[in-house]
Amino acid sequence: MEWCGIQVRLVSNITDIDDKIIDRANRENRPWNEITHKCEAVWFDAMNALGVMRPTDVPHATEYVEQMVEMIGELMSSDSAYATDDGVYLDISSVPDYGLLAHQNLEDMLSGGGDREVLGAAQKRHPADFALWKFSKPGEPSWPSPWGEGRPGWHSECVVMSLQLLGEGFDLHCGGADLRFPHHENERAQAVALGKTFAQHWMHNGFVVDTDGEKMSKSLGNVTNLVDLVQHYDPRAYRMLLLQTHYRSPVKVGQDNIDSSVKSLANLDGFADRMAKAELPAVSADTEVLAKFRELMDNDIDTPNAMAIIFDTVRRANIAIESGDTELCASLATAVHEMCNALGLMLRSGDDIDAVIVDRAQQLDAARVAKDFATADAIRIELQAAGYVVETTKAGTRVRRA
Ligand SMILES: [Zn+2]
């Protein structure tokens with residue numbers, strides 16, 4: 001969007017209080033905010049490694065509790081909400097088009113249902129009514145409210161922060177496909193009940209799954225989560241893998257496509273390196289290529305086909321330089337760089353690796369073949385400490401500067 005000249009204000013909120021956090025704090029006997037600070041730091045480290053830009057605003061739910069209490073008060077005074085023994089609930093019958101986002105009627109949604117814990121079901125007027133405020137048990141973190149000490153419901157956090165920071169009728173609301181219902185539906189329901197316009201457009205992304213379509217777990221050896229993944233592979237390779245799948249589709253992550261991403265990335269880096277050394281004339285990017293790229297990206301962010309344009313342009317630039325057309329080659333190479341930058345995929349040139357390091361990488365492979373995983377791990381850690389990214393592929397260990 002920024003590449004197209006659109007001014008972007010991205011708000012990405014942090015839920016720093018909920019039932020799961022409180023359960024974990026109790027289980028591990030730690031303060032709840034120590035857990036949330038740690039998780040937030042780990043998250044942004046991984047995002048940095050992937051080249052994900054920092055959002056403009058990162059509001060924390062606990063900083064907006066007063067505003068949430070205020071909003072719930074408005075819903076109470078317009079009779080859209082009611083209190084029970086354990087909290088305050090939204091009466092979804094006060095929201096005429098409830099279910100709009102899920103494209104389902106209420107009865108179907110209830111049979112499908114969400115997987116979040118339903119509190120106080122017995123006293124709810126309608127099974128789909130949801131908690132805006134939950135009264136706290138003794139010893140739990142709590143904030144004051146006119147209805148009793150407690151904490152906000154998850155759905156109330158996002159609606160307050162997004163309306164406060166972005167204003168009514170903001171352009172775009174994103175989130176994982178699993179949040180469409182009930183979370184996003186319920187955020188929207190509160191805005192509707194308040195008589196406010198909520199998001200104009202919604203984008204829901206697919207899950208990361210393994211090659212069998214299951215939630216990613218053990219498909220990559222000892223890699224089970226994002227933190228592991230960005231340690232074992234060049235994070236740009238994972239970014240490329242994501243770009244080669246449409247955001248609405250599930251992303252299948254397995255050894256084969258990680259390996260092929262690592263290889264494709266090496267090809268792109270190799271191309272950038274050759275172009276840097278070719279002393280090409282300074283020309284502007286090929287306009288036809290950029291126009292095609294833009295057209296694809298304008299079509300619901302069609303990154304798989306946009307990546308295909310990049311590979312095709314690399315191929316054409318290679319042909320151009322072989323036939324001595326440096327002018328054409330230069331304009332195509334500039335276009336490749338511009339498209340990669342638009343996708344946040346930074347190419348590297350001149351990655352000449354020291355012979356000693358290459359040697360160590362071969363010893364790592366030898367140790368792995370001999371199933372001496374302790375030695376293999378020790379070498380990997382040593383190389384990482386020396387500032388290298390160590391990638392494990394079927395063809396052996398690849399090393400590149402971090
Ligand atoms: Zn949310």
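One-based numbering, in listed order, for ligands and for the atoms of each. Residue numbers run from 1 in the order of the sequence given. Side-chain atoms are counted along with the backbone in the values below, which use heavy atoms only and exclude waters and symmetry mates.
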- Message: Please enumerate all residues that pass ring pair (Phe, Tyr, Trp, His ring centres under 6.0 Å) together with Trp3, with sequence neighbours excluded.
- Response: Phe293
- Query: What does the angle at the Zn ion (ligand 1) come to, between atom SG of Cys158 and atom NE2 of His183, rounded to 10°?
  - Reply: 100°
- Message: Take a 6.0 Å sphere around CD of Glu279 and say whether it holds more than 12 heavy atoms from other residues, nucleotides or ligands.
- Response: no
- Specify which N/O/S atom of Glu187 comes nearest to the Zn ion (ligand 1), by atom name. OE2
- Task: Tell me, please, if His155 has any N/O/S atom, main chain or side chain, under 2.8 Å from the Zn ion (ligand 1)?
- Result: no
- Could you note down all residue pairs passing side-chain hydrogen bond (donor to acceptor under 3.5 Å, both in side chains) where residues 71-81 supplies at least one of them, sequence neighbours left out? Ser78-Ser80
- the Zn ion (ligand 1) to nearest N/O/S of His184 below 2.8 Å: no
- Item | Geometric class of the His183/Trp154 ring pair [parallel <30°, tilted 30-60°, perpendicular >60°] | parallel
